[in-house]
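The block underneath contains the structure these notes are about, expressed in C-alpha cells.
Per chain, numbering begins at 1; letters A, B, ... match sequence-line order.
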Amino acid sequence: MPKNVIGSVMVLGGGIAGMQSALDLADSGYYVYLVEKGPSIGGVMSRLDKTFPTNDCAM
Amino acid sequence: MEYDQAVPLKYVINPDECIYLTKGKCGNCKKVCPTGAVDYDQKEETVKLNVGAVVLSPGFKPFDPSRFDNYQYSNYKNVITSLEFERILSASGPTMGHLTRISDQKEPKKIAWLQCIGSRELNKCDNGHCSAVCCMYAIKEAVIAKEHEGDDLDCAIFYMDMRTPGKDFEEYYVNAKEKKGVRFVKSRIHTIVEIPETGDLEVRYADENGDIQIEVFDMVVLSIGLEADPNTVKLSEKLGIDLTQSHFCNTSAFEPVNTSREGIFVCGAFQGPKDIPESIVDASAAATAAGQSLTAARGTETKQAEMIPELNVKGDRPRIGVFVCSCGTNIAGVVNVDAVKAYAEKLPYVEYAGNNLFSCSQDTQDKMTEIIKEKNLNRVVVAACTPKTHEGLFQETLLAAGLNKYLFEMANIRNHNAWVHKDAPELATQKAKDLVRSAVTKVALFEPLEEAELQLNQTALIIGGGLSGITTARSFAAQGFETHIIEKDAQLGGQALCLYKTTTGENVKEKIVELVDEINGNEKIHVHLNATITSVDGFVGNFKSTVDENGEAKTIEHGVAVIATGASPFMPKEYNYGKDPRIITSLDLDKKLMVEDPSLKSMNSAVFIQCVGSREKERPYCSRVCCTHSVDNALELKKRNPDMNVYIIYRDIRTYGEREYIYKEARKEGVIFICYSVDNKPVVDIKDGKLTVTVLDHILRRPLEIETDLLTLATAIIPNQNEQLAQFFKLPLNANGFFVERHAKLGPSEFATDGVFLCGLAHYPKPIPEAIGQAKAATSRAVTLLARKTIHTSGQVAKVDPMSCSSCMVCVSVCPYSAPSIAKEGRFAGKAEINPVLCKGCGLCVASCRSGAIRHNGFDNSQIFSQIFTLSQVA
Amino acid sequence: MAEWEPKIVSFLCNWCSYGAADLAGVGRMQYPANVRVIRIPCTGRMSPKFFLAALREGADAVWVSG
C-alpha cells in the first residue's frame, strides 16, 4: 500500500448512489467532496412519485 | 430552484435565461430580495482538489423518445414518457397529483404503457441492453394510477418479456395482474396513430392468438429506458476508464465497483442499468472499495466539529424562547405570524419571541444561537415545519448555544396547519397559537437528558463462509478490523464452488480458491469451520455469541454481525427428475462443463426448462439468476458442439441489464426459445429409452415434441433454514424465508436491529457481482458504525423508579426489544430496570406499568397531560 | 350563531401517523382546522387516562392513530 495516501474522496454525481456513497465514506472517517452539476442533490429519484413495492413516497 | 423539497433549498439564476445577465437589463430580483442574497457577479470558479480516491456516480440519462418517428412523442400531446407520468402522479407535480391529460385536462379512462422504448433496440437506436427497471416502474405507475382514479381506469401494459426479477417484484406483478386488474399484453407496438378530433391514440397490436387488434387509449406512456449520458462518456474518455458496449462502466464480476483505472470506483446506474436498492448497494460497496484503498489515511482529513460545553440549567426557572417561522410564504401566506409571535410573548415563562423568514437557513441558525445566549434562554420552541425532518437541525443549534438538546420542542404550524388549512387563515392562525401554547407548556417541563455512551467492540462476526461471507471478511480485515467467519461446512466457498463461470467469463472456482487462500493467510481473519451459532447475547457494539465448533463451545465477543448464510438449490420432484441420468439441474450441468464431460460434444439435442420451482403458488418469487445461467450454458453447449439443437423453454426471459447481449447472442447462435405458460407446462416423457419434452408452441398453436439427449431444469434458489438465527438476532423473515432488510429501497444491506447487517443470497437470489457488491455494502454500513468507536443512545427512553416498582414483570413481558429486566444485584435487586441502549422509547411499558413506576423521558405523563390541559384554554 | 363544530384531539404515533399528517401537508390536502395533534412516541404509549383527560378538557372526540 502506498504510504502517502490522502484521506479524502471525491464523489462525482449527487444522485441517490452518490449521496449514499458520500454518507458512508464520511461516516467511515474520510473527507468527502460531493460534486453535482445541478443546483441541488437528489438526482432522478427525487422526480419519482412513489417507489414500489411499498409505494413509499420517493422524496 | 428545482422543487419545494430541494436540497439545498436555494434559488439559483439560470444564466442562459436571465435578462440581466444576457442583456444587462431588469435586475428586479436584486431589488426585491429582502436578505440581499442576489449577486450577479458570481463567476464560475475552477477548484483544484487533491483526493485519495474518486467515486463516479454520474447516473444515467433518461432515453429521449423524440428520435423515434413511429411514436410521435414530439407531436402527439397525449404520448408522454414514464418520467412525465411520474410527475403527473406526484402531489408536487404540475397537476398536484390529479391524473389528467396535460393537453386538455381530461381525466383519462384508458392508459397504455409501451415497454422497451430505447431498450433492447438496436435497429432504431444503439441500446442493445435491457434497462432493468422499466417493467417494474410501469406496473407501479399502473397500480398507482388505478389507486388515484379507481378500478374503472383501464391500464394496459404492452411488453416483450415481463422482467420482475427483484425481491418482492414478482409478487407485485402477480398482484397487479390478478387483484388490481392491470392488463398485460405480450406485444411490441410499432406505431401509434392520433385521432385529431379527440387527441386519443389508436394502438394496433397482435394478440396472443396472432390476431390484429385495434384499441383506442386516452394516453400512451412510453416506458423509456436508461442510457449512458454522452457527457459521462466524454468524462470517462478523459479519465481513461473502459466502457461496455452500451457505454456503461466496464467492471468485472469479482470487483463490481472497480473501474479499469486504479483509485476510481463506480456506483449507481453508470455501473449498469439498475434500480434504487441496487444503486444503494453499489454506493456503499464503492465506499468500502475506496475506503479499503485509503485505510492508512482514515481520519486524517476529517474535521471534528467543535464541542460547546453544556450549561447546567437543572432546577433553573424556565426561560423559554419561541421562534415563529414564516417559511418564506409557506406559513406566513396563511398564518398571521406576527399575531402568533405576539401571543407567544404573553405565555408563561416565555422570555423571548421572534419571527424568522427561514428558520432553517444557516444565518438564522447563527442568529438564534446568539439570541439564546444573549437572553439566557434555557428552553426553546420553534414553531415551523415538522420535527421529523428538522428536529435534529434545531437541536444542533441548541448544542451550539451550550444547551442540552432535549430542552427543545417544535410546534408544527406548517405541515399540520398552514399547508392544510389554506382557505381558513383565521382558523389556521388560531390553531397555530394553540400549537405554540401546547409546545411552550410541554417544553417548560423538560429536563436535560443524558445519552448513554457505549464503547463499540471493534470485532466483526460473519455468519456464512460463502462468497458473500468471505468477501465481507476480506473487506473488514483490509480496513483493520478483527473478523470471525462462522461456516457450517468443512470448507469455505459455499455454493459458488458449484458454478462454472460468470456471465463475463471469469472462472469461479479458481477465483474462490484464490480468495480462500488469502482469507486463510490473513491474521485478522479467524475462520471457524463445522461451526454453528448456539446463542447470542447483548446488543449493538457488545454482542456475545456462543459458537459450537466441531462439538466444542466457544464464546466470541463482537460489535457487529453480518448475516451471509446464503441459499440452496431447489431439488425438484416434477419433470421426472431423478428418474433418468439425462435429466439434471443447472448446477449439474455446470459440473459437467467444469470437468469437460466428453458426452457434451456428441449430443444432438439439449433442452432447458426455466422456472422450475420458481414463480409458482408454492414459491411465488423469481430466482433472478436462472435465465441468464441457462442462456449462458446454452451458448457453452453451442461452443462445444455448434450442430447441437439447443432449446430453452421459458416463461419470460429475464436477462436484465447488459445480460441482454448474451440473450441476443444465443439467438444469433441458433438457440431456440419457446415460450410456455404456467398453466400449460411442458411434459417430459421417458419411453423406450427416448427422452422427449412436449410443449405447446404459441406461434404454431400446436404441441411440439422434442427428443433430447439432455434436459436441464433451471431450478429455484431456496433460502436456508434461517429461523433460529433470525430468533437469535431478532431479525424478520419474509413469507418465502429470506431475511427482511431495514428498508427495501434505502437500507438493503442492513437490518432494523442495530449492528446487524445482511448480504448475499440470504437477502434474495442474485448473481456473483451483485452478491459481492452487497457483501462490500454490508461492510461499509458496518464500518460507519465501527468507525465511531462509541455510540450514543437516545435520551428519550423509559426509566424505572425502583421505589415504586412492584416487580410485577409486565414491562418485561410487553417490551418488544427486551429492554426491561429484573435487577439481579445491588440495592434494587428484584426491581425492574431498563437498559437505555435497548430501549427504543416507544412507551409501551410506561403505559402498561400498573404501579406508575416507569417514567418516559421526553414523553412523560406530566408532559403529555400538560398538552392536553392546554386544549381548553383559549388564545 | 355559527354551526356547532366538534373539537377533536388526535394522538399520533411519531413513526407513522404523525409522518402521514406531515405528508398530507406536503400533498396540500385540505381538511377542517378543528383537530389538535399531540405527538406520542408510539401508540403503545397511549394510556386510558389521556382519553379521559382530553374529554374532560372539552374534546368532543379523541382519535388515536398508529
Side-chain angles (χ1 to χ4, degrees), chain B residues 4-5 90-92 96-97 330 385-389 409-410 412 414-424 426-432 434-435 438-439 442 794 796-798 814-816 840-849 856 858-859 861 863-865 867-873, chain C:
Chain B
D4 287 350
Q5 293 79 20
S90 172
S92 61
M96 315 276 278
N330 277 311
C385 48
T386 166
K388 301 284 291 177
T389 55
E409 180 72 6
M410 284 187 84
N412 192 336
R414 187 185 75 179
N415 296 47
H416 290 187
N417 190 23
W419 276 351
V420 291
H421 310 313
K422 256 190 292 194
D423 304 324
E426 273 170 37
L427 290 173
T429 303
Q430 180 61 45
K431 183 172 172 184
D434 289 350
L435 291 172
S438 169
K442 187 181 181 196
S794 168
Q796 294 189 332
V797 290
V814 297
C815 180
K840 303 268 179 196
C842 72
L844 191 54
C845 57
V846 187
S848 311
C849 181
H856 193 298
F859 290 98
N861 279 345
Q863 291 154 1
I864 295 179
F865 276 127
Q867 287 186 288
I868 299 172
F869 295 154
T870 64
L871 291 168
S872 56
Q873 296 167 17
Chain C
M1 195 168 141
E3 210 175 307
W4 178 78
E5 292 267 350
K7 272 189 247 166
I8 302 165
V9 178
S10 66
F11 293 89
L12 302 186
C13 163
N14 178 48
W15 302 108
C16 52
S17 306
Y18 191 90
D22 283 344
L23 282 179
V26 173
R28 307 294 196 276
M29 296 172 187
Q30 301 297 308
Y31 54 79
N34 311 20
V35 56
R36 299 290 178 270
V37 173
I38 293 175
R39 181 163 72 124
I40 51 174
C42 166
T43 41
R45 179 70 188 87
M46 233 7 235
S47 153
K49 287 183 262 180
F50 297 158
F51 290 92
L52 298 174
L55 296 172
R56 194 181 60 204
E57 294 300 320
D60 297 299
V62 178
W63 169 36
V64 183
S65 178

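- Around NZ of C:K7, the count of heavy atoms belonging to other residues, nucleotides or ligands within 6.0 Å does not exceed 12.
- Residues C:E57 and B:T870 are not in side-chain contact: their nearest non-hydrogen atoms beyond the backbone lie 4.5 Å or more apart.
- Contact count against chain C (heavy-atom pairs under 4.5 Å) is highest for B:N412 among B:N412, B:L435, B:V814, B:T389.
- Residues of residues 9-21 of chain C having a heavy atom under 4.5 Å from any heavy atom of chain B, listed by number: C:V9, C:F11, C:N14, C:W15, C:Y18, C:G19, C:A21.
- Of the atoms belonging to C:P48, not a single heavy atom falls under 4.5 Å from chain B.
- In terms of modelled atom types and a separation under 3.5 Å, the side chain of B:H421 and the main chain of C:Y31 share a donor-acceptor contact.
- C:R36 has a carboxylate O that lies under 4.0 Å from a charged side-chain N of B:D434, or vice versa, which qualifies the two as a salt bridge.
- Contact count versus chain C (heavy atoms, under 4.5 Å) is highest, among B:R414, B:Q867, B:K442, for B:Q867.
- When all heavy atoms of B:V420 and C:Q30 are compared, the pair lying nearest together is O-OE1, 3.0 Å.
- Separating the CD1 atom in B:I868 from the CD1 atom in C:I38 is a distance of 5.0 Å, to the nearest 0.5 Å.
- Of the listed residues C:P41, C:G25, C:A54, C:C42, the one with more heavy-atom pairs under 4.5 angstrom with chain B than any other is C:P41.
- Annotation for B:E426: atom CD does not count as buried by contact number, only 12 or fewer foreign heavy atoms lying within 6.0 Å.
- The CG atom of B:L871 sits 11.5 Å away from the CZ atom of C:R56 when rounded to the nearest 0.5 Å.
- In this structure, C:R39 CZ and B:I864 CD1 are separated by 10.5 Å, a value rounded to the nearest 0.5 Å.
- Within the 4.5 angstrom heavy-atom criterion, no atom of B:N417 approaches chain C.
- Between C:R45 and B:N861, the closest side-chain pair of non-hydrogen atoms falls below 4.5 Å.
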